[in-house]
Student: 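Would you mind keeping the following structure in view while I ask a few things?
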Amino acid sequence: MRFSNTFLDEIRDRVLISTVIGRRVTWDRRKTNVSRGDYWACCPFHGEKSPSFHCEDRKGRYHCFGCGVSGDHFRFLTDLEGLNFPEAVQQIADLAGIAMPQPDPQAEKREKERTSLQDVMEMATLFFQDQLQSANGAKARAYLRDRGLTGRTIETFRLGFAPESRNALKEHLAGKGVPREQIEACGLVRHGPDIPVSYDYFRDRIMFPILSSRDKVIAFGGRAMAPDAMAKYMNSPDTELFHKGQVLYNFSRARRAAQAAGDRRQSGTLIAVEGYMDVIALYQAGVENAVAPLGTALTENQLDLLWKVSPQPVLCFDGDGAGIRAANRAADLALPAIKPGKSVSFALLPDGKDPDDLVKHEGRAPFDRVLSEARPLVDMVWQRETAGATFDTPERRAELDARLKQIVSVIADESVRYHYQQDIRGRLASFFSGRTGGGDGDRRQGGGQRGRQAAPGRRGPAPSNHTVGGAMIENGTAGSARLNQMLKFSAQSRPALRETVLALTIVNHPQLLLDEYDEISSIDFENKDLQRFWSCVLGIVARLGEKITAEDLRSNLATEGFGDLLTSMSQQVRNARLWTATEAADPHDALQAYRQTRALHSRNKELRYQKLELEREIADLTGSDDDAERGEILLRALLEIQNEITRLENQEAIIDGFGVLSGRVKGAAVSH
């Protein structure tokens with residue numbers, strides 16, 4: 001029975017080769033690195049005392065450095081156990097949990113046709129290569145030479161030339177006995193009911209063979225030589241062999257280079273650039289792990305191909321407007337699919353430059369510098385949403401907040417989505433801390449006078465003193481430092497009461513979190529213990545799902561080591577008589593009290609942002625007469641904000657009119 005390559009690849013991908021071989025050998029513990037999928041054993045094919053038999057899960061291959069045997073899953077079973085090929089396939093399919101395909105005459109026929117079509121594509125490749133070296137290809141050879149490509153590089157990538165003729169390739173293939181139907185099925189000619197006589201698809205173009213993951217030619221890309229051509233680059237049409245959105249140019253070669261780099265403990269990643277010539281120029285400069293989509297935006301299938309080789313491929317785009325737009329599209333494509341340890345990063349080239357430009361004169365060093373500055377996905381999202389915009393009103397800041405929440409919400413993985421939410425909240429807090437009450441372009445970019453020094457040889461005015469509210473406060477840097485010291489809150493080991501209420505209410509009423517997950521899960525605690533506690537809460541709720549109960553949540557939290565913190569928090573709210581945070585509270589009352597507490601918590605954070613901005617402005621004062629008057633205004637405002645913060649910090653009766661005050665609990669009234 002003949003098996004399709006697709007089926008064989010699928011069962012190979014699902015079963016680690018170490019699983020197959022490990023049932024017949026004992027791995028050497030000293031040389032084996034399980035985390036890297038790198039295994040060593042004494043060879044089962046010949047007697048030896050020291051392990052020279054090696055297998056790698058990532059490559060799906062084994063090799064003995066003693067006797068020289070090598071192969072894949074199936075070869076191991078056929079050679080060691082004497083199975084025939086179908087029997088070996090049956091064993092691997094059973095391990096993979098995949099049913100063996102039923103005999104399908106039509107499928108077998110299509111597979112034979114595919115093999116025949118690959119033979120035709122190989123014949124076309126040889127024809128194009130010969131044409132490049134002929135008199136017809138002189139102009140094309142000159143172009144490639146001007147682009148800096150060596151003969152060896154041209155041969156490595158099997159570049160060719162399609163002559164300016166309507167039937168040169170068609171007649172060449174027909175002369176070798178290739179049927180018209182196969183020429184058409186390969187996409188090598190234009191044909192159809194409205195075309196009386198088919199003609200060559202590629203004419204007067206430099207030809208770039210596109211290979212499958214098994215190094216078979218399945219399509220071509222063509223670069224027009226004529227400056228007025230309708231399309232500078234074009235690809236083969238989709239065929240039985242080729243589907244443009246599922247293939248990456250140079251994938252097979254780049255995968256081998258990335259794996260070899262990983263074997264040498266180097267960075268085994270893939271780099272996606274924009275075009276054929278970028279890939280080839282980088283290869284010639286020594287960067288062999290580059291691939292390119294085929295003239296279109298990156299697709300989901302192409303991104304999956306990248307992830308099969310590298311957990312964090314680098315997407316490299318031109319630094320111009322089109323490149324930035326392409327990077328943003330790629331970011332949107334990747335976000336829903338990222339997982340722990342699986343993401344993408346972005347390297348942006350200098351404006352107006354492509355990889356070919358960078359490596360042509362100075363080698364790979366300039367490109368390596370670009371790669372070293374690659375940004376993570378979250379940076380690209382943040383830069384896109386904030387660059388060049390003004391957030392000088394609460395409405396605009398709220399709009400940015402809502403937009404970022406919506407963007408992050410598409411991440412399917414619960415854990416990654418939570419950490420993105422945490423990261424974005426931290427960025428927003430820092431971003432807005434200097435903008436409340438209005439902002440301008442300088443402030444948006446972190447401008448201001450902070451850190452400025454007087455010009456050499458010039459002495460600024462002596463700091464003056466100001467009396468505000470009966471207190472003498474020194475102006476200038478020293479005075480600012482003293483003021484900051486005076487206004488610092490003393491660190492407390494246990495959480496603030498408001499934060500305790502917010503966390504404990506959800507522990508005792510986890511359904512509230514499920515009902516309003518996006519709003520509630522995004523709360524940002526200041527207490528370090530509560531930060532860890534809250535991360536654990538979200539993880540448990542995500543794991544247990546909608547049927548979670550308060551008992552389940554508390555039990556899991558205790559198992560995770562938060563039992564003492566839970567006891568302390570429960571005592572804290574009982575001492576404050578805040579019964580809405582306890583399990584006995586009616587869920588409706590708990591929700592209303594939670595919302596009120598959350599509003600107070602948000603107000604407290606907003607006041608802190610305002611306080612920080614005023615302190616920064618005070619630190620910028622130089623001590624001049626003009627600054628003296630401004631300093632008094634700033635100090636008054638600062639003390640007003642500090643007084644309100646203090647009132648909030650001292651306000652123990654956070655919830656008014658619910659719980660113990662209303663006497664409403666689940667199933668009974670609370671006795672006073």
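Note that the structure is a prediction, hence the values are computed from the model and not measured.
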Student: Between Thr125 (side chain only) and Met121 (backbone N and O only), is there a donor and an acceptor less than 3.5 Å apart?
Tutor: yes
Student: CZ of Arg158: more than 12 outside heavy atoms within 6.0 angstrom?
Tutor: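 Above 12, so yes.
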Student: Fit a plane to each ring of Phe45 and Tyr62, take the angle between them on a 0 to 90° scale, and name the class: parallel (under 30°), tilted (30 to 60°) or perpendicular (over 60°).
Tutor: parallel
Student: Does atom CD of Glu122 have more than 12 heavy-atom neighbours from other groups under 6.0 Å away?
Tutor: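 Correct, the count exceeds 12.
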Student: Measure across Leu553 and Val507 and return the closest heavy-atom pair with its distance rounded to 0.1 Å.
Tutor: CD2-CA, 3.7 Å
Student: Are Lys308 and Asp304 ion-paired here, with the side-chain N under 4.0 Å from a carboxylate O?
Tutor: no
Student: Is it the case that more than 12 heavy atoms not belonging to Lys31 sit under 6.0 Å from its NZ atom?
Tutor: yes
Student: From Asp318 CG over to Asp354 CG, what is the distance, rounded to the nearest 0.5 angstrom?
Tutor: 6.0 Å
Student: What closest approach, in Å, do Leu117 and Ala185 show between heavy atoms, and which atom pair accounts for it?
Tutor: CD2-CB, 3.9 Å
Student: Between Ile324, Val273, Leu348, Leu298, which is the residue that forms a side-chain contact (heavy atoms from CB on, under 4.5 Å) with Phe317?
Tutor: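 When side-chain contact (heavy atoms from CB on, under 4.5 Å) is applied between Phe317 and each of Ile324, Val273, Leu348, Leu298, only Leu348 qualifies.
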Student: Does the side chain of Leu358 come within less than 4.5 Å of Leu349's, by heavy atoms?
Tutor: yes
Student: Working note: Leu95 + Arg23, criterion side-chain contact (heavy atoms from CB on, under 4.5 Å); need CA distance, chi angles, decisive distance, verdict.
Tutor: CA-CA 12 Å; Leu95 289 173; Arg23 298 186 301 171; 3.8 Å; yes
Student: Check the pair Ser555 / Asp552 against side chain to side chain donor-acceptor pair (under 3.5 Å), numbers first and verdict last.
Tutor: CA-CA 5 Å; Ser555 174; Asp552 293 335; over 6 Å; no
Student: For Tyr249, run the ring pair (Phe, Tyr, Trp, His ring centres under 6.0 Å) check against Tyr276, Tyr233, Phe242, Phe220 and tell me which one passes.
Tutor: Tyr276
Student: Indicate yes or no: at least one non-hydrogen side-chain atom of Arg180 is less than 4.5 angstrom from one of His191.
Tutor: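 No, every pair of side-chain atoms sits at 4.5 Å or beyond.
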Student: Quick check: closest heavy atoms across Ile92 and Ile11, and the distance to 0.1 Å?
Tutor: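 Reported closest heavy-atom pair: CG2-O, 3.9 Å.
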Student: What's the shortest heavy-atom distance between Gln302 and Val247, and which atoms?
Tutor: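 Nearest heavy atoms, Gln302 then Val247: NE2-O, 2.9 Å.
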Student: Examine distances only and state if a side-chain atom of His73 and a backbone atom of Val15 form a donor-acceptor pair shorter than 3.5 Å.
Tutor: yes
Student: Where does the angle between the aromatic ring planes of Trp40 and His54 fall among parallel (under 30°), tilted (30 to 60°) and perpendicular (over 60°)?
Tutor: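 Trp40 and His54: parallel rings.
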Student: Is the shortest distance from a Lys or Arg side-chain nitrogen in Arg75 or Asp72 to a carboxylate oxygen in the other one below 4.0 Å?
Tutor: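 No, no charged N to carboxylate O under 4.0 Å.
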Student: To the nearest 0.5 Å, tell me how far Asn33 CG sits from Trp27 CH2.
Tutor: 13.0 Å
Student: Please confirm whether the backbone N or O of Lys216 pairs with a side-chain atom of Ser212, one donor and one acceptor, at under 3.5 Å?
Tutor: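 Yes.
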Student: Could you tell me the separation between the CG atom of Asp38 and the OG1 atom of Thr32, rounded to the nearest 0.5 Å?
Tutor: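 The OG1 atom of Thr32 is 7.5 Å from CG of Asp38, to the nearest 0.5 Å.
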Student: Heavy atoms, side chains only, cut-off 4.5 Å: are Phe7 and Val89 in contact?
Tutor: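 Result yes, sub-4.5 Å side-chain heavy-atom pair found.
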Student: Using a strict 4.0 Å threshold on nitrogen-to-oxygen distance, state whether Arg152 and Glu155 make a salt bridge.
Tutor: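 Salt bridge: no.
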Student: Is Ser535 reaching over with its side chain to a backbone N or O of Gln531, donor-acceptor style, under 3.5 angstrom?
Tutor: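 The answer is no, because no donor-acceptor pair under 3.5 Å joins these two groups.
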Student: Using 0.5 Å steps for rounding, measure from the CG atom of Leu16 to the CG atom of Asp57.
Tutor: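 One finds 4.0 Å between CG of Leu16 and CG of Asp57.
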Student: For the side chain of Arg205 and the backbone of Lys232, is there at least one donor-acceptor N/O pair under 3.5 Å apart?
Tutor: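 At least one qualifying donor-acceptor pair exists.
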Student: Could you verify whether a donor N or O on one side chain and an acceptor N or O on the other, from Arg256 and Ser252, lie under 3.5 Å apart?
Tutor: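 Yes - a donor-acceptor pair under 3.5 Å links their side chains.
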Student: Short question: side chain of Thr239, backbone of Gly187 - any donor-acceptor pair under 3.5 Å?
Tutor: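 No, the answer is negative, given that no donor and acceptor are paired below the 3.5 Å cut-off.
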Student: Using the rule given for side-chain contact (heavy atoms from CB on, under 4.5 Å), can you reason through Ser236 versus Phe202, listing the C-alpha separation, both sets of side-chain angles and the distance that settles it, and then say yes or no?
Tutor: CA-CA 9 Å; Ser236 294; Phe202 296 99; 3.7 Å; yes
Student: Output the distance between atom CD1 (Ile407) and atom CG (Asp332), rounded to the nearest 0.5 Å.
Tutor: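 Rounded to the nearest 0.5 Å, the CD1-CG separation comes out at 7.0 Å.
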Student: I want to check something: taking the side chain as every heavy atom from C-beta on, are Leu188 and Gln182 in contact at a cut-off of under 4.5 Å?
Tutor: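 No, every pair of side-chain atoms sits at 4.5 Å or beyond.
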Student: Around Arg30, counting heavy atoms of other residues, nucleotides and ligands shown, do more than 12 lie under 6.0 Å from its CZ?
Tutor: no
Student: Which value, rounded to the nearest 0.5 Å, describes the distance between Leu270 atom CG and Cys316 atom SG?
Tutor: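 Spacing of CG (Leu270) from SG (Cys316) equals 13.0 Å.
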Student: Between Leu305 and Val291, is a side-chain contact (heavy atoms from CB on, under 4.5 Å) present by the stated rule, with each step listed?
Tutor: CA-CA 11 Å; Leu305 276 178; Val291 298; over 6 Å; no
Student: Can you find a heavy atom in the side chain of Ile280 that is under 4.5 Å from one in the side chain of Gln284?
Tutor: no
Student: What closest approach, in Å, do Glu48 and Phe53 show between heavy atoms, and which atom pair accounts for it?
Tutor: OE2-N, 3.9 Å
Student: Do NZ/NE/NH1/NH2 and the carboxylate oxygens of Glu10 and Arg14 come within less than 4.0 Å?
Tutor: yes
Student: Okay, side chain of Asn289, backbone of Thr269: is any donor-acceptor separation there less than 3.5 Å?
Tutor: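 Between the backbone of Thr269 and the side chain of Asn289 there is a qualifying donor-acceptor contact (under 3.5 Å).
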Student: With no hydrogens and no angle check, is any side-chain donor or acceptor of Arg223 less than 3.5 Å from a backbone partner on Phe208?
Tutor: no
Student: Do Glu560 and Asn556 meet the criterion of a side-chain donor-acceptor pair at a distance under 3.5 Å?
Tutor: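 Glu560 vs Asn556: no donor-acceptor pair found between side chains.
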Student: How about Ser116 and Asp119: does a side-chain donor come under 3.5 Å of a side-chain acceptor?
Tutor: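 Side chains of Ser116 and Asp119: no pair found under 3.5 Å.
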Student: Is there a side-chain contact between Leu513 and Ile548, using heavy atoms and a 4.5 Å cut-off?
Tutor: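 Sidechains of Ile548 and Leu513: no contact.
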Student: Are side-chain heavy atoms of Asp9 and Arg12 found at a separation under 4.5 Å?
Tutor: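 Counting from C-beta outward, Asp9 and Arg12 do come under 4.5 Å.
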Student: Count the heavy atoms belonging to other residues, nucleotides or ligands that lie under 6.0 Å from NZ of Lys342, then report whether that count exceeds 12.
Tutor: yes
Student: Are Arg253 and Phe157 in a cation-pi setup, meaning NZ or CZ lies under 6.0 angstrom from the ring centre and within 45 degrees of the ring axis?
Tutor: yes
Student: If you define the side chain from C-beta out and look only at heavy atoms, does anything of Phe251 sit under 4.5 Å from Leu211?
Tutor: no
Student: Under the side-chain contact (heavy atoms from CB on, under 4.5 Å) criterion, do Phe85 and Leu77 qualify, and how do the steps go?
Tutor: CA-CA 8 Å; Phe85 187 71; Leu77 294 177; over 6 Å; no
Student: So which atom in Asn250 and which in Ala290 form the shortest heavy-atom distance, rounded to 0.1 Å?
Tutor: ND2-O, 2.9 Å
